[in-house]
K.L.:
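Before anything else, here's the structure in question.
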Amino acid sequence: MDIKWDQILIIEEPIMFWTFIGLIVSTIGLVAGLTYFKKWGWLWNEWLTSTDAKKVGIMYITLGIVMLVRGGIDALMMKYQTSVPENTFLSAQHFNEVFSAHGTIMIFFMAMPVIFGIMNLIVPLQIGARDVAFPKLNLLGFWITASAAILYNIAFLVGGSPDAGWTSYFPLAGKEFTPGIGNNYYYIAIQISGFGSMIVAINFMVTILKMRAPGMGLFKMPMFTWTTLITCLIMIIAFPIFTIALLAGMLDRIFGAHFFTVADGGLDMMWANLFWLWAHPEVYIVILPAFGIISEVVATFSKKRLYGYHSMVWAVIVISVFSLLVWVHHFYTMGVGPTVNSIFSITTLAIAVPTGIKLFNWLFTMRKGRIVFEQPMLWALAFIPTFLVGGVTGVMLGMASADFQYHNTLFLVAHFHYTLVGGVVYAVFAAFYYWWPKFFGFKLNHKLGNWHFWLFNIGFNLTFLPMFFLGLDGAARRMYTYSAETGFAPLYMLSFIGTLIIAAGVTIFVINIVYSTLKEKRITERDVWGTGRTLEWMVPTPVPAYNFAVIPKVEAIDEFWHRKQTGKEFVNEKEIKDIHMPSHSWLPAYIGLAFFISGFLFVWEFQALAIASLALPFLGMAINSFQYDDGFYIPAKEVIETERKDRGEKQWKAK
């Protein structure tokens with residue numbers, strides 16, 4: 001072990017000290033509030049142990065929003081550090097830790113949990129199911145992800161943060177160059193989160209393939225469900241690769257193995273290959289569901305069926321194949337040779353074709369449509385040109401010869417932010433505004449939503465557009481300071497101002513959630529926007545625990561729209577029966593805690609104790625195998641009463 005026991009708490013710097021104090025105060029306040037209002041039982045019984053996919057989804061999204069704020073603070077610190085030449089706000093070491101945490105948190109603990117949360121909320125409803133295939137396993141996936149997020153985030157105060165970047169390249173990530181335990185957090189926490197991701201992938205693939213409503217063939221599924229299915233397939237292929245790579249890296253650091261270390265025959269380039277074999281498909285793991293969200297929003301607010309539905313599906317399938325064949329474009333400059341570079345340049349450029357197809361699908365859907373400029377549609381409209389900039393600059397980076405100029409500069413950083421923020425985050429905001437009223441019974445405030453939209457868009461482009469020019473001028477990524485003679489200062493300052501505007505936009509969004517929860521008018525209409533097309537708009541608002549009183553029989557691609565046009569009834573009371581539901585369970589929370597304890601012991605290199613602690617999660621699995629809980633039933637009478645609350649609605653007609 002190479003542990004500095006006198007640095008268990010990293011609070012020497014003022015930033016760290018006041019962060020530590022803030023965490024203590026906020027934790028005391030949270031505990032005191034829950035105790036005063038007597039909400040501990042409610043929190044445990046209604047949320048933390050609930051196997052309802054909708055509640056699991058909301059918990060995933062809550063985790064993602066908290067991590068968005070956490071990663072956003074890292075971004076603000078980095079931008080402030082580079083806003084002026086030779087700034088001393090952050091030391092070189094602290095800057096390394098901050099940019100490492102920012103990338104890791106935003107990918108693993110913000111983007112993925114939010115996407116998983118939206119899947120939990122929407123997919124069962126879109127396929128006409130009452131829940132996911134494995135409800136208890138679904139809750140376990142959340143708790144494993146949450147435990148990994150907590151484990152990673154305590155690093156910056158307890159033992160020191162990872163500092164080898166979100167890619168954690170060897171040999172930099174090895175003990176010979178980064179001693180101590182900081183990078184142990186990366187290899188353990190991300191490995192644990194990978195287990196949670198695999199649970200999500202398997203669960204939703206089985207749910208979609210086996211639990212669709214009668215009559216819903218694969219080519220009658222909504223686009224968001226299609227993109228979820230393909231995303232799960234990519235995850236099942238790619239995540240085991242990364243899990244094994246993380247395990248090998250952990251063995252190198254903690255047990256003295258030599259998979260990637262330079263000494264004793266280790267191959268540092270093997271880490272780069274294994275990492276990007278996972279990491280480039282990971283881009284599509286988060287972007288494909290975003291494509292599905294935009295497809296749903298554009299069709300709904302254009303009042304038209306999605307143009308070229310079948311071509312859209314095949315484009316997504318082709319993308320999933322190509323996503324596994326382009327990983328070497330991340331290290332053209334590392335000496336793999338012109339032949340290999342040329343092959344992967346071709347596959348990289350080829351993936352732009354099915355991606356471009358989707359852009360035309362959305363544009364042709366809007367053509368001659370009766371577009372309604374509600375908040376979700378604004379985000380969808382902003383998504384298209386913003387993601388297009390990310391895609392076009394990706395094609396530039398895909399050309400091997402040109403990449404020698406762009407590589408490791410801020411041009412690359414701007415590119416992937418236009419892709420991931422302009423793609424994933426824009427789509428996530430569209431999803432929030434679009435589906436929020438369906439689950440909470442009120443819309444988010446329109447005026448505050450407009451402020452959020454314009455501040456975020458202006459700030460985003462002001463932040464990252466200058467970085468293209470900085471990169472072309474030679475500004476390197478991960479550079480914590482620079483001299484005034486470089487001439488970079490004006491554009492760096494402009495970028496910092498843009499970041500402040502983004503922060504203002506996100507703050508407005510959080511205020512909007514609080515304000516709307518307290519003030520906005522409650523609604524009970526099933527078709528909240530009046531133009532819904534898919535099955536989630538057929539159930540009551542807010543969505544009841546059982547989702548569907550009667551499982552629908554599907555006849556068309558946009559089944560709900562079809563029913564509105566034909567006047568077909570939503571629910572026949574004579575068909576309503578007692579509905580079986582899964583019971584709540586404490587075991588997923590216990591197993592998540594067990595993974596946290598084992599992970600923490602491995603991070604601190606208590607090898608014997610850590611290995612022994614692996615019995616804790618297996619104990620939970622053993623207890624589960626002896627539990628014979630058949631769930632419970634919601635009586636048909638209660639279901640009928642819930643459904644009758646909507647009888648005041650007018651007869652649906654297509655608008």
K.L.:
Less than 4.5 Å apart, any side-chain heavy atom of P289 and any of I118?
P.N.:
no
K.L.:
Under 30°, 30 to 60°, or over 60°: which ring-plane class applies to F440 and F442, parallel, tilted or perpendicular?
P.N.:
tilted
K.L.:
In the structure I gave you, are the side-chain heavy atoms of M112 and V286 within less than 4.5 Å of one another anywhere?
P.N.:
yes
K.L.:
What class does the angle between the rings of F432 and F509 fall in, given that below 30° is parallel, 30 to 60° is tilted and above 60° is perpendicular?
P.N.:
parallel
K.L.:
Would a 4.5 Å heavy-atom cut-off, applied to side chains only, mark D558 and H562 as touching?
P.N.:
no
K.L.:
In the structure I gave you, are the side-chain heavy atoms of L137 and I202 within less than 4.5 Å of one another anywhere?
P.N.:
no
K.L.:
Going from CZ on F142 to CZ on F116, what distance comes out if it is rounded to the nearest 0.5 angstrom?
P.N.:
12.5 Å
K.L.:
Nearest 0.5 Å, what's the NZ-CG distance between K564 and D527?
P.N.:
4.0 Å
K.L.:
Is R644 salt-bridged to E573, going by a charged N under 4.0 Å from an acidic O?
P.N.:
yes
K.L.:
Starting at CD of Q607, measure out to CD of E605 and round the result to the nearest 0.5 Å.
P.N.:
6.5 Å
K.L.:
side-chain contact (heavy atoms from CB on, under 4.5 Å) for L209 and L229? Distances and angles first, verdict last.
P.N.:
CA-CA 8 Å; L209 293 178; L229 177 63; 4.2 Å; yes
K.L.:
Where is the tightest heavy-atom contact between L324 and P281, given as atom of each residue plus distance?
P.N.:
CD2-CG, 3.5 Å
K.L.:
Between the main-chain N or O of Y187 and the side-chain N or O of Q191, is there a donor-acceptor pair closer than 3.5 Å?
P.N.:
yes
K.L.:
Using only atom types and a distance under 3.5 Å, with no angle test, would you say the side chain of N203 pairs donor to acceptor with the backbone of I199?
P.N.:
no
K.L.:
Tell me, please, whether F560 has R526 positioned over its six-membered ring: NZ or CZ under 6.0 Å from the ring centre and within 45 degrees of its axis?
P.N.:
no
K.L.:
Taking the side chain from E296 and the backbone from F224, do they hold a donor-acceptor pair closer than 3.5 Å?
P.N.:
yes
K.L.:
Hey, what do you get for CE (M581) to CD1 (I634), rounding to the nearest 0.5 Å?
P.N.:
5.0 Å
K.L.:
Under the criterion side-chain contact (heavy atoms from CB on, under 4.5 Å), I'd like the reasoning laid out for F204 against T231: C-alpha separation, chi angles, the key distance, then a yes or no.
P.N.:
CA-CA 10 Å; F204 277 92; T231 295; over 6 Å; no
K.L.:
Can you find a side-chain donor-acceptor pair between E536 and W435 that sits under 3.5 Å?
P.N.:
yes
K.L.:
For I513, is there any backbone N or O sitting under 3.5 Å from a side-chain donor or acceptor partner on S516?
P.N.:
no
K.L.:
Take Q375 and L444 through the side-chain contact (heavy atoms from CB on, under 4.5 Å) test and state the conclusion after the steps.
P.N.:
CA-CA 9 Å; Q375 213 68 53; L444 293 173; over 6 Å; no
K.L.:
Any side-chain heavy atom of M223 within less than 4.5 Å of one from V316?
P.N.:
yes
K.L.:
What pair of heavy atoms forms the shortest contact from Y152 to Y185, and how long is it?
P.N.:
CD1-O, 4.2 Å
K.L.:
So, do T300 and E374 sit near enough that their side-chain heavy atoms are less than 4.5 Å apart?
P.N.:
no
K.L.:
List the atom pairs, donor and acceptor, that lie under 3.5 Å between side-chain atoms in residues 31-40 and the rest of the protein, sequence neighbours left out.
P.N.:
from: T35; atom 1: OG1; to: V31; atom 2: O; distance (Å): 2.7
from: T35; atom 1: OG1; to: W40; atom 2: NE1; distance (Å): 2.9

K.L.:
Just by distance, do the side chain of N445 and the backbone of N512 share a donor-acceptor pair under 3.5 Å?
P.N.:
no
K.L.:
State, to 0.1 Å, how close L139 and V56 come at their nearest heavy-atom pair, and which atoms those are.
P.N.:
CD1-CG2, 4.0 Å
K.L.:
To the closest 0.5 Å, what do you measure between OG1 (T534) and CG (L306)?
P.N.:
11.5 Å
K.L.:
Minimum heavy-atom separation for F602 and I254, please, with both atom names.
P.N.:
O-CD1, 3.2 Å
K.L.:
Does V571 offer a backbone N or O that forms a donor-acceptor pair with the side chain of E575 under 3.5 Å?
P.N.:
no
K.L.:
Which residue, D52, N120, T51, forms the side-chain hydrogen bond (donor to acceptor under 3.5 Å, both in side chains) with N138?
P.N.:
N120
K.L.:
Determine whether W166 and F109 satisfy the following criterion, ring pair (Phe, Tyr, Trp, His ring centres under 6.0 Å), listing intermediate values before the conclusion.
P.N.:
CA-CA 12 Å; W166 88 278; F109 303 125; over 10 Å; no
K.L.:
I'd like to know if the side chain of T541 reaches the main chain of E525, judged simply by a donor and an acceptor atom lying under 3.5 Å from each other, with no hydrogens or angles considered.
P.N.:
yes
K.L.:
Which heavy atom of R563 sits nearest to which heavy atom of P552, and what is that distance?
P.N.:
NH2-CB, 3.6 Å
K.L.:
For the OG1 atom of T228 and the CE atom of M235, what is their distance to the nearest 0.5 Å?
P.N.:
10.5 Å
K.L.:
Any idea which heavy atoms bring Y60 and P113 closest together, and the distance?
P.N.:
CB-O, 3.3 Å
K.L.:
Do the rings of Y590 and W586 sit parallel, tilted or perpendicular, given the 30° and 60° boundaries?
P.N.:
perpendicular
K.L.:
Can you spot which of W379, F301, F439, F429 makes a ring pair (Phe, Tyr, Trp, His ring centres under 6.0 Å) with Y434?
P.N.:
F301
K.L.:
Go through it in stages, so that I can follow the logic: the residues are I107 and L420, the test is side-chain contact (heavy atoms from CB on, under 4.5 Å), and I'd like the CA-CA distance, side-chain angles, deciding distance and then a yes or no.
P.N.:
CA-CA 9 Å; I107 292 292; L420 292 178; 3.8 Å; yes
K.L.:
Measure the shortest side-chain to side-chain distance between P437 and W529 over non-hydrogen atoms and say whether it is less than 4.5 angstrom.
P.N.:
yes
K.L.:
Check this for me: F618, atom CZ, are more than 12 non-hydrogen atoms of other residues, nucleotides or ligands nearer than 6.0 Å?
P.N.:
no
K.L.:
Using a 3.5 Å distance criterion without hydrogens, assess whether the side chain of S323 forms a donor-acceptor pair with backbone atoms of S320.
P.N.:
yes
K.L.:
Does T104 reach the main-chain N or O of A101 with its side chain, forming a donor-acceptor pair under 3.5 Å?
P.N.:
no
K.L.:
Side chains of N547 and K54: any donor to acceptor distance under 3.5 Å?
P.N.:
yes
K.L.:
Any idea how F195 and F595 line up, ring-wise: parallel (<30°), tilted (30 to 60°), or perpendicular (>60°)?
P.N.:
tilted
K.L.:
Has R130 got a side-chain atom pairing as donor or acceptor with A549's backbone, closer than 3.5 angstrom?
P.N.:
yes
K.L.:
Considering only heavy atoms from C-beta outward, does the side chain of P240 approach that of M198 to under 4.5 Å?
P.N.:
yes
